[in-house]
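All remarks here apply to the structure that follows.
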Amino acid sequence: MMDDRGDYLQILSTVRRHLEERAELARPLEKDAAFAAKSADSVQDEAPPPPKSEEKPQAAPSVDALTALAAEASVCELCPLYATRTNVVFGAGNPNADLMFVGEAPGRDEDLKGLPFVGRAGQLLTKIIEAMGLRREDVYIANLLKCRPPENRNPLPLEAERCRPYLERQIGLIQPRAVVALGSYAAAALLNSKERISNLRGRFHPLGGIQVMPTYHPAYLLRNPGGKRYVWEDMQKVMELLGLEQKGKGQG
């Protein structure tokens, strides 16, 4: 009986020792596993974060679309003015402009050069733009009519009706924050109004998300210099809307 018990204790001791040896062998493996896991976490923490996806900038006005529209206007025959024009005067300036000036029609100088506001009235407009702290290349300049009326007469209703879609598409592509309507014909076309320019000027009129400021045409100011102070008052409001510093004191 004693021998059986001794054999049993010897077997139990051997099993216990075997288990302890296995446990001892497992400890380094556990340490290695823990170290590996900790190292992985450390590497993950130290690794630079994945690059943030850059926000897609707002789509700039399509210069190609504006160029295509100018090409379309250059062969326009929707009204009789095509037969007497020298050049189509589509527009000129910055296609991303916050500010756009719109007159009524090209004159003789504009018809010859194919550019808007390059005569005496254009020189005065340039002075107004510069007094606002801008340059002509900072803004966009266009007219309601793209062709010169004979003898610089006023636009006829049919001519304004046929040409207005070109202007509307120009404004839609450029998306300026403000449009200065120079004279009664430009203001009437943009605002669908029959009010006199003297009643419309001095305050903004909404056109979709764009603010329209009607004011006197530079050609009118050449004949009536006293109107310059009113135009400067209007331009100061435009400057305030666009956040421009008032550096000048207007045009004398």
Side-chain angles (χ1 to χ4, degrees), residues 89-94 97-111 113 115-149 152-156 159-160 163-164 166-168 170-171 174 176-207 210-239 241-242 244 248 250-251:
V89 184
F90 180 73
N94 183 359
D98 285 334
L99 178 58
M100 184 172 177
F101 289 86
V102 176
E104 62 182 50
R108 177 179 177 275
D109 293 323
E110 290 76 16
D111 178 59
K113 295 182 179 181
L115 295 171
F117 282 90
V118 292
R120 289 183 62 217
Q123 294 170 12
L124 181 53
L125 177 60
T126 299
K127 291 181 180 180
I128 293 171
I129 293 170
E130 291 174 348
M132 298 174 73
L134 298 169
R135 304 165 300 169
R136 281 182 67 113
E137 53 264 39
D138 296 324
V139 304
Y140 195 91
I141 305 174
N143 282 301
L144 167 61
L145 299 190
K146 308 306 181 192
C147 300
R148 178 197 179 195
N152 291 354
R153 62 162 171 74
N154 293 331
L156 299 178
E159 296 162 355
C163 224
R164 185 171 59 244
Y166 287 118
L167 177 61
E168 291 173 345
Q170 276 178 301
I171 295 174
I174 296 168
R177 292 173 58 194
V179 173
V180 175
L182 300 168
S184 57
Y185 286 92
L190 288 172
L191 303 177
N192 193 27
S193 172
K194 294 182 179 180
E195 285 194 64
R196 296 169 60 88
I197 191 68
S198 56
N199 295 331
L200 292 172
R201 62 152 296 272
R203 66 185 190 278
F204 287 107
H205 303 257
L207 180 67
I210 298 169
Q211 296 296 323
V212 177
M213 174 62 76
T215 196
Y216 295 116
H217 195 285
Y220 170 84
L221 300 181
L222 293 175
R223 302 188 301 270
N224 302 275
K228 291 182 181 180
R229 67 184 183 94
Y230 298 114
V231 171
W232 183 239
E233 289 175 2
D234 299 339
M235 295 307 99
Q236 286 179 308
K237 294 177 182 178
V238 173
M239 292 166 67
L241 175 71
L242 299 179
L244 299 174
Q251 293 300 306

Scanning both residues in full, the closest heavy-atom pair of Val180 with Thr215 reads CG1-CG2, 3.7 Å
What are the two closest heavy atoms between Leu241 and Ala178, and how far apart are they? CD2-CB, 3.8 Å
Any chance you could measure Asp234, atom CG, to Ile128, atom CD1, to the nearest 0.5 Å? 10.0 Å
In Å, rounded to the nearest 0.5 Å, how long is the span from CG of Asn143 to CZ of Phe117? 5.0 Å
Distance-minimising heavy-atom pair for Val118 and Glu110: N-OE2, 2.9 Å
Taking all heavy atoms of Pro176 and all of Leu99, pick out the closest pair and write down the distance. CB-N, 4.2 Å
Test side-chain contact (heavy atoms from CB on, under 4.5 Å) applied to Met100 and Ile210, step by step: CA-CA 10 Å; Met100 184 172 177; Ile210 298 169; over 6 Å; no
Close side-chain approach of Glu130 and Thr126, heavy atoms under 4.5 Å: yes
Quick one: does Ile171's side chain get under 4.5 Å of Leu190's, heavy atoms only? yes
Beyond-backbone contact of Leu221 with Val231, side-chain heavy atoms, under 4.5 angstrom: yes
In plain terms, say whether Arg135 and Asp138 are close enough for a salt bridge, that is, a side-chain N and a carboxylate O under 4.0 Å apart. yes
Taking every non-hydrogen atom, the tightest pair across Pro149 and Pro106: CD-O, 3.8 Å
Between Leu200 and Ser193 the two heavy atoms that sit nearest each other are CD2-OG, 3.9 Å
Could you please spell out the steps behind the side-chain contact (heavy atoms from CB on, under 4.5 Å) verdict for Asn224 and Tyr216? CA-CA 10 Å; Asn224 302 275; Tyr216 295 116; over 6 Å; no
Separation between OH (Tyr166) and CG (Leu145), nearest 0.5 Å, reads 12.5 Å
With a 4.5 Å cut-off on side-chain heavy atoms, are Glu104 and Leu182 touching? no
Once you round to the nearest 0.5 Å, how far does CE of Met239 lie from CG of Leu134? 7.5 Å
Please round to the nearest 0.5 Å and tell me the distance separating atom CG of Asp98 and atom CD1 of Ile174. 11.5 Å
Is the backbone N or O of Pro214 less than 3.5 Å from a side-chain atom of His205, with the two atoms forming a donor-acceptor pair by type? no
Measure the spacing between CZ of Arg136 and CG of Asn94 and express it to the nearest 0.5 Å. 13.5 Å
Does a donor on one side chain sit under 3.5 Å from an acceptor on the other, for Lys146 and Gln170? yes
Does the pair Phe101 and Ile129 meet the rule for a side-chain contact (heavy atoms from CB on, under 4.5 Å), with working shown? CA-CA 10 Å; Phe101 289 86; Ile129 293 170; 3.8 Å; yes
Backbone N/O of Tyr230 and side chain of Arg201: donor-acceptor pair under 3.5 Å: yes
When you measure from the side chain of Lys237 to the backbone of Arg203, do you find a donor-acceptor pair of N or O atoms at a distance under 3.5 Å? no
Assess the residue pair Phe204 and Val238 against the criterion (side-chain contact (heavy atoms from CB on, under 4.5 Å)); give the C-alpha distance rounded to whole Å, side-chain angles, the decisive distance to 0.1 Å, and a yes or no. CA-CA 9 Å; Phe204 287 107; Val238 173; 4.1 Å; yes
